[in-house]
Amino acid sequence: MTEEEGKRKREQRKVDESREAVFNEFCEWLNSELEHGVMALDQVHKKLVEFDQSADQNLCYSKYWLKIKLQEKYHDTLYFTTQERRADVLYLKDDTDNILREHHANLEVGDEKTQIIKTALKFICNDIALIDLYLKSYPTANMMTDIDSQLALVPASLQMFLRPIVKTDERVAVWGPNFIKPCRPRSGVLPYQMGLAIQLDHRFGSTWILDKLHRLGYTESYSETQNYKYSFLNSMTGDGAPDTSGTIDTSVEEANDLMNDELAVDAALEELSVMTASESEMSTSR
């Protein structure tokens, strides 16, 4: 081996070590973020590029090699699939077996009651991570008021945890999403939280209330609520976004029309809510 060849090998080894260090730092980020919902390979590759601080950014893998490296590292807990026409979506696998093994190992060294509670929480979080919450469109008004539709989104283990505490299906359907949303913040809009945000916006018209409750995990944000209303109106009329380039009088008329349509949205939700409550009371009395 010539001196030149030896120098090239040392330089390549140094580059490989630096690339592996960037990849390991990226994996530490991925370990915490992937629990919050599914992610596309394009998304995680962009994040990998951010970890590469080299001048020419030659320390990050291509998307092809990143997929291979992730499969090598997470072969027993991670897999790729296609979802909503998006290829290479990363999913966490069911980690039940590992949770059980860890539980039995910890029983020998810790308090039994504490270990049982910790294991139950791991099962619930695992089930939340596995449910498919990616929504390609906003929930319908019926989903926002129908208890059965909302319960279908809550994993059975979380329902088992909540029902002895909150007692009724309606409360489980409300509290369930309040647990799911913080755990899976990137997984779409949940029906009850959107419906409640719309009705609060109609009753109070307060940006502060909606954003405050959104930060606490009870509703969607004010901006998301407005986006929904515009989407709802566009789906009803087939028009695009309102044209605000006209005269002041025209803009005022359009604003009035928009307000009337928003009231119609709120009224539809209110009517569905009353009908659902009446049907629930009738079934209970029977």
Query - Test log, rule salt bridge (charged side-chain N to carboxylate O under 4.0 Å, His left out), inputs D16 and R19 - result: CA-CA 5 Å; D16 291 341; R19 182 177 290 117; 3.4 Å; yes
Requested in this report: Decide whether L121 and V172 are clustered together by the hydrophobic rule: side chain heavy atoms of Ile, Leu, Val, Met, Phe, Trp, Tyr closer than 4.5 Å, transitively.
Outcome: no
Query raised in the report: Between NZ of K122 and CG of D127, what distance do you get to the nearest 0.5 Å?
Result: 14.5 Å
Report task. Indicate yes or no: at least one non-hydrogen side-chain atom of L59 is less than 4.5 angstrom from one of Q53. Result -> no
Query raised in the report: Could you give the distance from CZ (F26) to CG (L70), rounded to the nearest 0.5 Å?
Result: 5.5 Å
Query - For the student: nearest non-hydrogen atoms of G217 and N178, plus distance - result: O-OD1, 3.1 Å
Query raised in the report: What is the distance from atom CD1 of I180 to atom CD1 of I124, rounded to the nearest 0.5 Å?
Result: 11.0 Å
Report task. Give the cluster check for V49 versus F51: same hydrophobic cluster or not, with ILVMFWY residues linked at side-chain heavy-atom distances below 4.5 Å. Result -> no
Query raised in the report: How many angstroms lie between atom NZ of K181 and atom CD1 of I128, to the nearest 0.5 angstrom?
Result: 13.0 Å
**Report entry** Which atom of R163 lies closest to which atom of D169, heavy atoms considered
**Finding:** NH2-OD1, 2.9 Å
Requested in this report: Would you check if there is a donor-acceptor pair between the side chains of Q226 and D201 at a distance under 3.5 Å?
Outcome: yes
Query raised in the report: Between P164 and M160, what is the shortest heavy-atom contact and its length?
Result: CD-O, 3.0 Å
Query raised in the report: What do you reckon, is CZ of R171 surrounded by more than 12 foreign heavy atoms closer than 6.0 Å?
Result: no
Query raised in the report: Say you draw a straight line from CG of L41 to NZ of K46; how long is it, rounded to the nearest 0.5 Å?
Result: 11.5 Å
Query raised in the report: Is any side-chain heavy atom of Y138 less than 4.5 Å from a side-chain heavy atom of S231?
Result: yes
Query raised in the report: Strictly by modelled atom types, are S221 and D211 linked by a side-chain donor-acceptor pair under 3.5 Å?
Result: no
Requested in this report: Return yes if some donor-acceptor pair links the side-chain N/O of H214 with the main-chain N/O of E224 below 3.5 Å, else return no.
Outcome: no
Report task. May I ask you to check whether over 12 heavy atoms, not counting those of E112, lie within 6.0 Å of atom CD? Result -> no
Query raised in the report: Cut-off 3.5 Å, side chains only: do S54 and D52 have a donor facing an acceptor?
Result: yes
Query raised in the report: Should I116 and L158 be counted in the same cluster of Ile, Leu, Val, Met, Phe, Trp and Tyr side chains packed under 4.5 Å apart?
Result: no
Query - Verify same cluster id: W65, V44 (apolar side-chain graph, 4.5 Å) - result: yes
Query - Electrostatic pair E50-K47, nearest N-O below 4.0 angstrom - result: yes
**Report entry** Listed partners of F179 passing ring-ring contact (aromatic ring centres under 6.0 Å, His included), at least two apart
**Finding:** none
Query raised in the report: So do K118 and T114 actually touch side chain to side chain, heavy atoms under 4.5 Å?
Result: yes
Requested in this report: For the pair E170 and Y192, evaluate side-chain hydrogen bond (donor to acceptor under 3.5 Å, both in side chains) and give the outcome as yes or no after the intermediate values.
Outcome: CA-CA 10 Å; E170 183 179 10; Y192 177 82; over 6 Å; no
Query - Straight-line distance of Q193 CD to M144 CE, nearest 0.5 Å - result: 11.5 Å
Requested in this report: Taking the side chain as every heavy atom from C-beta outward, state whether T140 and M143 have any pair of such atoms under 4.5 Å apart.
Outcome: yes
**Report entry** Heavy-atom check, side chain of L153 versus side chain of P177, under 4.5 Å
**Finding:** no
Query raised in the report: Under the side-chain contact (heavy atoms from CB on, under 4.5 Å) test, which residues partner A197, sequence neighbours left out?
Result: L210, T219, E220, T225
Query - Same apolar cluster (I L V M F W Y, side chains within < 4.5 Å links), I117/L162 - result: no
Query raised in the report: Where do Q150 and L190 land on the side-chain contact (heavy atoms from CB on, under 4.5 Å) test, with the steps shown first?
Result: CA-CA 8 Å; Q150 296 164 15; L190 296 174; over 6 Å; no
Query - Six-ring centre of F23, K69 cation under 6.0 angstrom, axis tolerance 45° - result: yes
Query raised in the report: OH of Y218: more than 12 outside heavy atoms within 6.0 angstrom?
Result: no
